[in-house]
Structure formats: C-alpha cells, structure tokens
2 protein chains.
Amino acid sequence: MTGQERQRRLHRIRDRVRRRGRRWTVAKAALVEELLGASGHLSARELHEAMTAQHPQMDHSTVYRALHILAEDGIVHSLGGPGHTLFGLADEPHHHVVCGVCGSVAEIPAGDLGDLVAAAESRTGYSFSAQSLTLAGRCVACAG
Amino acid sequence: MTGQERQRRLHRIRDRVRRRGRRWTVAKAALVEELLGASGHLSARELHEAMTAQHPQMDHSTVYRALHILAEDGIVHSLGGPGHTLFGLADEPHHHVVCGVCGSVAEIPAGDLGDLVAAAESRTGYSFSAQSLTLAGRCVACAG
DNA sequence: ATATGTGCAAATGGTTTGCAAATGG
DNA sequence: CCATTTGCAAACCATTTGCACATAT
C-alpha cells in the first residue's frame, strides 16, 4: 500500500467519523493510523502499547472507549474470544477466520464466500454484513 | 427427544470421556445432562446455577474446569465473545451462528454448509471440524 | 494405589465506569 | 459555548490458579 493510498483511506475514515457526528480526536486518528500500518488485527493491549509511543499519557480506557465508538460506527470490527479480542479496520470488505485456540486471525477477501454467506443467512435469519462474517476454526499450527 | 435417546447420548458421551482417559465425575455428568436437557447453549454462570440445584456445594471453578476438559475432548464447544461465552454439546454435528451483539446462538445442521467449509479451508489453511464452524453476524433482533 | 478431579479462597486480567478537566466543532 | 472525549483511579466480573482433600478407576 502506497503512502498515497493510505492517506486516502485515512481521510475517508475521518470523514465517515465526522459524518456520524463524532469528533476526530487524537486517539481515533492514532488508532486508525496504527491499524492502517499494521495490516492485520491488533489487541487492545497492543494498540495501547503502540499509542504510548507517540502519546505517552493516553490511557487504556481511552483506547477502549475510542475503539468502542469506532466499532459502533462500523469503522473497525472486533473479533476473537474471551480475553483476546482483536480489532481491525472494516473499510475494505473481507471476512475473518479466527483460530479458537491461539486467537490468530486470517482474512478472506469478500466475495469469495458469497454463496456461503447467502446460505447461512437464508437458513438462520441472521445477517452478515459483507465485512462482518467471521469463521471460527483452528489454524494450521493449532490443528494438532 | 425421548428419554431413551437421551440416555443413549449420555452413555455415548460418558464412554468417549472414559476413552480419553478422563473420569466420569459428578460434575461432568451433571453438566452434560443439563446441556442435553437445555437443547441450546448455556453460559458458565447459567450452568453453575443449574448445578447448585442438585449439587449445592459445587463451585464455579469446578464448572469451569470440567467445561474446559469437556471442550478439550470435543464433548462440548465454547463459543461467543468476551464475557458471554456459551457452551453446547458437540455430539450432534452442527454449525453455529452467533450474534455479535446479544450473543444469541442459532444452529445450522452440518452438511448444509459443506461447500462453504471446504472453500474456507482451502483458502486459509485453517481447519474446521464438521461441528466447529462458527459464523458471527447479527440476529434479526439486533440487525437494526 | 495414584492420577485425576474437587472445594475453597484468593488472585488475575481484560474491560468498564464515575468524575472533573480538556478539547473539538 | 457545549456536547463529546480524555485521564485517572477504582470497580467489575468472568475466568484462572494454588493447595489440601476427595474420588474414580
């Protein structure tokens, strides 16, 4: 991802946040930037640690609250099991595969599983937004 | 489900536990019976409450430990997010659909999603036992 | 007999909350 | 300005753990 693309994504996200009537704060900006750079999913703890590099005074509660707001607005999603919730950006459509043992996450581009999603929706009445489908299984390392 | 079927499932489960070198204890028996009766998924707290009816001295830590062992042996699975993990029997093949908002769970009989599972496995290298595929979305009530 | 499981009580650790001060629009 | 957000400190609550005793096989 080029620096330009990254700027574009960042601005698009910022505008979405503002359009929702939220404020574009230091915490949100820093979290989104961190997630843009990470190209993966991070835990609240990892994010907080990353924050303290640039913003040593930022509290973990701030991280949690900002993440909660971003999740409510569909900017990020949270996934994973008890004690190891992970957060990732939601602006590029994809699905998740979560290892129930170690919590690692892989991504599947949206579209690849279209049939699956449709089948699951029609059978259960549950709705899966394009970005929010999450499968739980075991990764290669934990499959033993 | 008739009482006979229930007995059969119970015995099959007990034998699986023993074959794994585990002991068939009061806690495990009571938990499995409760789950057999519940025909759904229960939280650790709900299970512990149910236990105290017949076994007032049984501690929550015992419930957790027994559930953990049963999960390791594939007798039950745990699913759901932080703070509202749910447990259900795994002896009848099915998949789960979990609402990320309220934590409610619906089931999909195994087989219905066979293609889906295969696609997800080949793409990610993750493995999904027939019983352990879990999808996360939003239930009808929470879909707003 | 002996590894496995249990009860109890205390710790752990991720997540949430109340409140006064700071900040974004 | 004024609602939203933040820092701080403390509370919360599900889950885990250490240890001595009990139980299943």
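Naming: A, B, ... by sequence-line order, numbering from 1 per chain.
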If only side-chain N and O atoms of [X] are considered, is one of them under 4.0 Å from the OP1 or OP2 phosphate oxygen of [N]?
X       : N      : answer
B:Tyr64 : D:dT16 : no
B:Ser61 : D:dT16 : no
B:Arg18 : D:dT25 : yes
B:Thr85 : D:dT15 : yes
B:Thr25 : C:dT4  : no

Integer-rounded Å distance: [N] [atom2] and [X] [atom1]:
X       : N      : atom1 : atom2 : answer
A:Asp73 : D:dT4  : CG    : C1'   : 13 Å
B:Leu42 : D:dA14 : CG    : C1'   : 16 Å
A:Trp24 : D:dT5  : CH2   : P     : 12 Å
A:Met58 : D:dG7  : CE    : C1'   : 11 Å
B:Arg20 : C:dG5  : CZ    : P     : 12 Å
A:Met51 : D:dG7  : CE    : P     : 11 Å
B:Phe87 : D:dA14 : CZ    : C1'   : 10 Å
A:Gln57 : C:dA22 : CD    : P     : 13 Å

Test applied, salt bridge (Lys or Arg N to Asp or Glu O under 4.0 Å); reference residue, B:Asp91; option that passes from B:Arg9, B:Arg6, B:Arg8
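Result for salt bridge (Lys or Arg N to Asp or Glu O under 4.0 Å) with B:Asp91: B:Arg9.
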Between [options], which nucleotide has the shortest distance from any of its atoms to the side chain of [X]?
X       : options               : result
B:Ile69 : C:dG5, D:dT6, C:dT16  : C:dG5
A:Arg65 : C:dG5, C:dG25, C:dG18 : C:dG18
A:Arg23 : D:dC2, C:dT16, D:dA24 : D:dC2

Does B:Glu5 have more than 12 heavy atoms from other residues, nucleotides or ligands lying within 6.0 Å of its CD?
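Counting other residues, nucleotides and ligands, CD of B:Glu5 exceeds 12 neighbours.
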| request: Return the nucleotide paired to D:dA24: Watson-Crick means purine N1 to pyrimidine N3 with N6-O4 or O6-N4, wobble means G-U with N1-O2 and O6-N3, both under 3.5 Å. | output: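 Base-paired to C:dT2.
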Complement of C:dT23, any strand, by Watson-Crick or G-U distances under 3.5 angstrom: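 Across all strands, the one nucleotide that pairs with C:dT23 is D:dA3.
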If we ignore hydrogens and angles and just use 3.5 Å, is the side chain of [X] paired with the main-chain N or O of [Y] as donor and acceptor?
X       : Y       : result
B:Glu46 : B:Ser43 : yes
A:Thr52 : A:His55 : no
A:Lys28 : A:Leu70 : no

If you assign B:Arg22 and B:His68 each to the DNA chain D nucleotide with the nearest heavy atom, which residue ends up on the more 5' nucleotide?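 Closer to the 5' end of DNA chain D: B:His68.
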Notebook entry, point to check: Considering only heavy atoms and no angle criterion, is a donor-acceptor pair shorter than 3.5 Å present between the side chain of B:Arg45 and the base of D:dA14?
Noted result: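 In this structure, the two groups form no donor-acceptor pair.
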